[in-house]
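We use all heavy atoms of the structure for the numbers below, so side chains are in, but hydrogens, waters and symmetry mates are not. The shown structure was predicted, so the numbers you read here are calculated from the model rather than taken from an experiment. Residue indices begin at 1 and follow the sequence shown.
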Amino acid sequence: MAKARSTANLGQMDKAVSLIRKAIADASSLPPDSRNLLFARATAAGFDCDQGKLKACRQGYIRVLARQRSALGDTDPDTEVSMLGLAYADTNLAHFADAQDLYKNVVRRYRKQYGEGNSRTLNAINGLAVSYLQSKHYAEAEALLRPALKQAEKVFGPNHPITLSMSSNLGGAIRQQPGRNAEALPYFRHALKAAQELSGEDSERTVYGHINLALLLRDAGDLAGAERQARTAVAHSTRALGANSPYRAMVLDKLASILIRERKYREAHTMLDKAWHIFATHKSFGPDHPEVQAVIG
């Protein structure tokens, strides 16, 4: 199972999925509630999320979490990790209330178990903040992230992946509140520069860094600058996210939003068509999902 996870971290998802399927098959002779078998099934659910198969991911976590709670207990580390996985899937499927309940539960436990500055606690806080951002509770996200970012900077330094993710998300929370674009800009510029230096242009973190900065520049009225950043994000989105990833569709949609403001309607229509095609053919996104609604609108 460790080999499957390390293979996934290298971006070799097909091989990683094959490895975890073999691990599940090898463990099938074990009792259905054995820790190893449950861990393998939870890992498989996580791989579904990594591939954008959010509905399959959610159902996988629901099934394995029920067994983990029964066999291992709510406070077992494996159970808590599955709760975070389910919360991630719920957030991306717009089940925000369910996601936030799960995140809050784990954050409370991790604070008690590990303290405020532990990576587990900070990652769980960041997940809850993302759920707040996606559900448009921007002030709540900011209030959560400000002290957590200070902890991350203190423990890990300014360029650690946890710190950079929190910095970008805090910038997003600030940007979405009226009149605060200038205040958000340093967070986005730092997150993008560090992502470029650490991961290169063809990375998920860098693509999101470009698109976040593009949206800030769009809202600040710098449409030319916004377009440059968004085009860079799109140019690297296939390698970083996958050609048919719903997350790539979101990047295309953001570029379209900038082109519309520039009155480049024909190209904007092309981008929206591409985004819609990805969403429409992806099992995890239906017409009621907020990202799909944005494209329809």
**Asked** Is it true that Arg146 and Glu183 make a salt bridge, defined as a side-chain N closer than 4.0 Å to a carboxylate O?
**Response**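 Here Arg146 pairs with Glu183 in a salt bridge, since their nearest N and O are under 4.0 Å apart.
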
Following the transitive rule for hydrophobic clusters with a side-chain heavy-atom cut-off under 4.5 Å over Ile, Leu, Val, Met, Phe, Trp and Tyr, establish whether [X] and [Y] coincide in one cluster.
| X | Y | answer |
| --- | --- | --- |
| Ile125 | Tyr110 | yes |
| Val130 | Leu192 | no |
| Val106 | Val81 | yes |

Is the backbone N or O of [Y] less than 3.5 Å from a side-chain atom of [X], with the two atoms forming a donor-acceptor pair by type?
| X | Y | answer |
| --- | --- | --- |
| Thr206 | Gly200 | yes |
| Asn92 | Tyr88 | yes |
| Thr270 | Arg266 | yes |
| Gln59 | Lys55 | no |
| Thr281 | His277 | yes |
| His137 | Ser135 | yes |
| Ser199 | Gln196 | no |
| Ser168 | Ala191 | no |
| Ser245 | Gly242 | no |

Does a side-chain heavy-atom distance below 4.5 Å link [X] with [Y]?
| X | Y | result |
| --- | --- | --- |
| Phe96 | Tyr132 | no |
| Cys49 | Leu54 | yes |
| Tyr208 | His210 | no |
| His190 | Asn159 | yes |
| Arg69 | Met83 | yes |

Output the distance between atom [atom1] ([X]) and atom [atom2] ([Y]), rounded to the nearest 0.5 Å.
| X | Y | atom1 | atom2 | result |
| --- | --- | --- | --- | --- |
| His160 | Ser119 | NE2 | OG | 7.5 Å |
| Leu93 | Cys57 | CG | SG | 8.0 Å |
| His236 | Glu201 | NE2 | CD | 4.5 Å |
| Ile174 | Leu185 | CD1 | CG | 11.0 Å |
| Gln176 | Leu216 | CD | CG | 9.5 Å |
| Glu142 | Asn169 | CD | CG | 12.5 Å |

**Prompt:** For Asp98 and Asp90, which heavy atoms make the closest approach, and how far apart are they?
**Reply:**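 The answer is CB-OD2, 3.6 Å.
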
Over all heavy atoms of both residues, which pair between Pro158 and Thr163 is shortest? Give the atoms and the distance, please.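 Closest approach of Pro158 to Thr163, heavy atoms only: O-CG2, 3.7 Å.
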
How far apart are the C-alpha atoms of Asp219 and Arg261, what are their side-chain angles, what is the distance that settles it, and do they pass the salt bridge (Lys or Arg N to Asp or Glu O under 4.0 Å) test? CA-CA 10 Å; Asp219 293 347; Arg261 295 208 188 177; 3.6 Å; yes

Next on the checklist: Which residue is it: Ser82, Ser34, Pro32? I am looking for the one with a side-chain contact (heavy atoms from CB on, under 4.5 Å) to Arg67.
Outcome noted: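 Running side-chain contact (heavy atoms from CB on, under 4.5 Å) over Ser82, Ser34, Pro32 with Arg67 returns exactly one hit, Pro32.
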
Practice problem: Determine, stepwise, if the pair Arg58 / Asp48 fulfils salt bridge (Lys or Arg N to Asp or Glu O under 4.0 Å). | Solution: CA-CA 9 Å; Arg58 183 173 187 266; Asp48 280 334; over 6 Å; no

- Task: Go through the steps to decide whether Arg109 and Asp74 satisfy the test salt bridge (Lys or Arg N to Asp or Glu O under 4.0 Å), and finish with yes or no.
- Result: CA-CA 10 Å; Arg109 296 178 187 189; Asp74 266 13; 3.6 Å; yes

### Derivation of the salt bridge (Lys or Arg N to Asp or Glu O under 4.0 Å) call for Lys264 and Glu227
CA-CA 11 Å; Lys264 298 178 180 180; Glu227 183 182 340; 2.8 Å; yes

query: Hey, is CZ on Arg231 packed in by over 12 heavy atoms from elsewhere, all under 6.0 Å?
result: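 More than 12 heavy atoms, drawn from other residues, nucleotides or ligands, come within 6.0 Å of this atom.
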
- Take Leu122 and Phe156 through the test side-chain contact (heavy atoms from CB on, under 4.5 Å) and record every step on the way to the result. CA-CA 11 Å; Leu122 293 171; Phe156 300 110; 3.6 Å; yes

Pick one: which of Lys150, Lys154, Gln151, Arg111 meets side chain to side chain donor-acceptor pair (under 3.5 Å) with Glu116?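 Of all the options given, the one that passes is Arg111.
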
